[in-house]
Amino acid sequence: MRSVIRRRVTTMISAFLFQPPLSSISPKHHQYSLLLPLTTQRFLTASHSFRLRTFSTKSIPNMQDSASVSYLSQREAAEIDETLMGPLGFSVDQLMELAGLSVATSVAEVYKPSEYSRVLAICGPGNNGGDGLVAARHLHHFGYKPSICYPKRTSKPLYTGLVTQLESLSVPFVSVDDLPEDLSKDFDVIIDAIFGFSFHGAPRPPFDDIIRRLQTLQKRPVIVSVDIPSGWHVEEGDHEGGGIKPDMLVSLTAPKLCAKSFCGPHHFLGGRFVPPSVAEKYKLELPSFPGTSMCVRIGKPPKVDISAMRVNYVSPELLEDQVESDPVLQFRKWFDEAVAAGLRETNAMALSTTSKDRKPSSRMVLLKGFDENGFVWFTNYESKKGSDLSENPFAALLFYWEDMNRQVRIEGPVERISEEESENYYHSRPRGSQIGAIVSKQSSVVPGRHVLYDEYEELTKKYSDGSVIPKPKNWGGFRLKPNLFEFWQGQPSRLHDRLQYSLQEGNPAWIIRRLAP
Ligand SMILES: NC(=O)C1=CN([C@@H]2O[C@H](COP(=O)(O)OP(=O)(O)OC[C@H]3O[C@@H](n4cnc5c(N)ncnc54)[C@H](OP(=O)(O)O)[C@@H]3O)[C@@H](O)[C@H]2O)[C@H](O)CC1
Ligand SMILES: Cc1cc2nc3c(=O)[nH]c(=O)nc-3n(C[C@H](O)[C@H](O)[C@H](O)COP(=O)(O)O)c2cc1C
Ligand SMILES: Cc1ncc(COP(=O)(O)O)c(C=O)c1O
Ligand SMILES: [K+]
């Protein structure tokens, strides 16, 4: 498939995703195409679960103009379907499975099961309805609680099989008569799998009434339309006005012409099965699917109302009698859990320092070790933070493990570690990073990237024989000796758990106190 919308990100973000050897970075290399899968995992502790998210390219806004995406007419869509299932050797079961999986993964991208668990899939009589049945099964396995409304069943084995599969998962089927008039109370998400690209004329019962109910929905539940917003003309869209207003549209294979008038916040493409011959024949210009993903966002991500952005944290309680009396052991426990949960850069921490004029500044650094003697990181002693710490040898560290709803604060005096320790650590680093540390007069003004690059190249040549790269005198470690810890566990309604450990003059025992959230 020709990919016109390339996922490009700035050098800065790319550098976080993978570290190419610096020698491969020329000033021209500002952008990388990325192919990282979105990975979601569940980390289970006690009876609770945290949703874990690792960074994916899909979190990077796709800023391409959606005008460059192809749209299919009703005839073309049907023709492609026939080609796939004829000469190209696909079966309808296969395509439906992939289509339904795309819908489920698109839903999971935007609507997390922690907030949007109650899903109603309304399934029509054709393949669009089949996509809805498949999507519901996958959503069940993703941790949602789907229900199905499937009033006009098809007796073909494909469909009866899908129904049996859902029944075996105890997914409830609801009749139209039993659906509440106001769908907003019982459901968080409605999958509109009523009509797809073969829809024509005006909706007939019982779908006319269901669509009417969907038209009057307010903000919740959100509507996710599969391929076509049901009731819309396949090519002309909501031409009479007053049709349903889905929040998400998952176009399959390629958007149909009606999708041009979709103005909801989330337009996704699914159906990752189109062979190049079809793409070429229909001149399909579509975004490429990142990594192993079954879906990709089309067009710009929605504008967000920052003031309305919030997460309600739900976590196991953090109680006084559960925590270690030694905060270093408690930190180890949480750190190990964060590592076990697959969090990326668990050791990344914000370091706050203040200069002698008492102005604070913060930046991220990597924790490189901790024990009862303190918490160690490495840097340039002549950097801004280095000079701050010379002027005021006290600092604060902050860890935020977002996917676990956890934050740890650590404060205390700071000292330089021994030259020997710094030497040992420096030589354990990749040679490129060792050279990088020589090149970077950290926090000083650089006229341009080429200056760093040229010196890096020169030193790379110089040390290409594998000889020892000397550690710059001004590069080494700091150790913070904590006199205060706080372990924070996010809880609903902002009633978080905060357990603070502090030391009192001359007493080695830590005092544990609960602070108001
Ligand atoms: N290649 C792909 O992208 C794939 C997409 N898939 C999905 O399949 C649909 C298209 O499926 P199809 O079965 O051709 O059509 P529909 O799901 O739209 O439904 C047709 C049935 O709906 C009835 N119908 C049509 N209009 C009305 C109406 N006004 N009122 C009531 N009922 C209506 C129609 O009955 P008729 O008697 O009118 O013929 C049919 O029973 C596509 O959009 C994707 O979602 C595949 O899953 C995989 C490949
Ligand atoms: C995740 C992350 C980890 C970082 N780790 C370090 C580190 O361990 N040491 C370091 O000197 N800079 C590190 N940096 C860069 C610093 O944030 C900062 O840009 C640099 O140290 C200069 O800060 P300063 O001018 O305040 O001294 C890291 C940046 C990020 C985002
Ligand atoms: C400027 C700088 N120095 C040092 C480090 C830590 O690197 P390492 O893990 O190789 O010690 C980082 C990490 O991001 C960094 O950006
Ligand atoms: K639909």
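One is the number of the first residue; the rest follow in order along the sequence.
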Rounded to the nearest 0.5 Å, what separates atom [atom1] in [X] from atom [atom2] in [Y]?
| X | Y | atom1 | atom2 | value |
| --- | --- | --- | --- | --- |
| Asn405 | Asp403 | CG | CG | 8.5 Å |
| Leu499 | Leu318 | CG | CG | 4.5 Å |
| Leu389 | Leu480 | CG | CG | 9.0 Å |
| Ile122 | Ile148 | CD1 | CD1 | 10.5 Å |
| Glu505 | Asn483 | CD | CG | 9.5 Å |
| Lys145 | Leu120 | NZ | CG | 15.5 Å |

>> So, applying side-chain contact (heavy atoms from CB on, under 4.5 Å) with Val119, which one of Val107, Leu139, Asp188, Val222 is it?
In response: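 Only match with Val119 under side-chain contact (heavy atoms from CB on, under 4.5 Å): Leu139.
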
For the side chain of [X] and the backbone of [Y], is there at least one donor-acceptor N/O pair under 3.5 Å apart?
| X | Y | answer |
| --- | --- | --- |
| Ser443 | Lys384 | yes |
| Tyr501 | Asp326 | no |
| Asn347 | Leu367 | yes |
| Ser418 | Glu421 | yes |
| Glu372 | Val328 | no |
| Glu455 | Leu452 | no |
| Ser433 | Arg429 | no |
| His496 | Gln491 | yes |
| Gln489 | Met404 | yes |
| Thr460 | Tyr456 | yes |

>> Ring centres under 6.0 Å, that's the criterion: do Trp475 and Tyr381 meet it?
In response: no

> Taking the six-membered ring where the residue is Trp, are the ring centres of Trp377 and Phe375 under 6.0 Å apart?
Replying inline: no

> Would Arg409 count as a cation-pi partner of Tyr400, with NZ or CZ less than 6.0 Å from the six-membered ring centre and within 45° of the ring normal?
Replying inline: no

> Trp334 ring centre to Arg406 NZ or CZ under 6.0 Å, with the angle to the axis within 45°?
Replying inline: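 Verdict for Trp334: a cation-pi partner in Arg406.
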
> Would Leu214 and Ile223 satisfy side-chain contact (heavy atoms from CB on, under 4.5 Å), going step by step from the backbone distance to the final call?
Replying inline: CA-CA 8 Å; Leu214 295 181; Ile223 301 178; 4.1 Å; yes

> With a 4.5 Å heavy-atom cut-off, do Leu503 and Trp510 have their side chains touching?
Replying inline: yes

>> Would you call the rings of Phe331 and Phe370 parallel, tilted or perpendicular, taking 30° and 60° as the class edges?
In response: perpendicular

> Using the ring of each side chain (for Trp, its six-membered ring), is Trp401 parallel, tilted or perpendicular to Phe399, with breaks at 30° and 60°?
Replying inline: tilted

Does one side chain, of [X] or [Y], offer a donor that lies under 3.5 Å from an acceptor on the other?
| X | Y | answer |
| --- | --- | --- |
| Ser355 | Glu391 | no |
| Gln442 | Lys385 | yes |
| Thr353 | Arg363 | yes |
| Ser387 | Glu382 | no |
| Ser502 | Arg513 | yes |

> What do the steps show when you test His140 against Gln165 for side chain to side chain donor-acceptor pair (under 3.5 Å), and what is the final call?
Replying inline: CA-CA 11 Å; His140 167 89; Gln165 292 157 28; over 6 Å; no

If every non-hydrogen atom of [X] is compared with every non-hydrogen atom of [Y], which pair is closest and at what distance?
| X | Y | result |
| --- | --- | --- |
| Ser293 | Cys295 | OG-O, 2.9 Å |
| Ala348 | Leu366 | CA-CD2, 3.9 Å |
| Phe478 | Thr379 | CE1-CG2, 3.6 Å |
| Val134 | Gly100 | CG1-CA, 3.7 Å |
| Leu351 | Ala395 | CD1-CB, 3.7 Å |
| Pro470 | Ile438 | O-CD1, 3.7 Å |

>> Set out, in order, the CA-CA distance, both residues' side-chain angles and the distance that settles salt bridge (charged side-chain N to carboxylate O under 4.0 Å, His left out) for Asp186 and Arg118, then state yes or no.
In response: CA-CA 7 Å; Asp186 295 5; Arg118 301 168 308 162; 5.3 Å; no

>> Apply side-chain contact (heavy atoms from CB on, under 4.5 Å) to residues Leu397 and Glu411 and explain how you reach the verdict.
In response: CA-CA 6 Å; Leu397 306 177; Glu411 295 171 17; over 6 Å; no

Around atom [atom1] of [X], are there more than 12 heavy atoms of other residues, nucleotides or ligands at under 6.0 Å?
| X | atom1 | answer |
| --- | --- | --- |
| Lys441 | NZ | yes |
| Glu320 | CD | yes |
| Arg358 | CZ | no |

> After noting the C-alpha distance and the side-chain angles of Arg297 and His267, does the key distance pass the side chain to side chain donor-acceptor pair (under 3.5 Å) rule?
Replying inline: CA-CA 6 Å; Arg297 186 183 280 280; His267 189 185; over 6 Å; no

>> Go through it in stages, so that I can follow the logic: the residues are Glu324 and Arg332, the test is salt bridge (charged side-chain N to carboxylate O under 4.0 Å, His left out), and I'd like the CA-CA distance, side-chain angles, deciding distance and then a yes or no.
In response: CA-CA 10 Å; Glu324 300 287 339; Arg332 167 136 350 251; over 6 Å; no

>> Show, in sequence, the C-alpha distance, side-chain angles and deciding distance for Leu484 and Ile410, and conclude whether the side-chain contact (heavy atoms from CB on, under 4.5 Å) test is met.
In response: CA-CA 6 Å; Leu484 191 108; Ile410 306 176; over 6 Å; no

>> Would Met294 and Leu98 count as a side-chain contact (heavy atoms from CB on, under 4.5 Å) here? Give the steps.
In response: CA-CA 8 Å; Met294 296 308 295; Leu98 292 167; 3.7 Å; yes

> Lys481 and Glu415: salt bridge (charged side-chain N to carboxylate O under 4.0 Å, His left out), yes or no, with the steps?
Replying inline: CA-CA 8 Å; Lys481 176 109 180 110; Glu415 57 184 25; over 6 Å; no

>> One thing to verify: whether Lys185 and Asp182 come together as a salt bridge, which I'm taking to mean a side-chain N less than 4.0 angstrom from a carboxylate O.
In response: yes

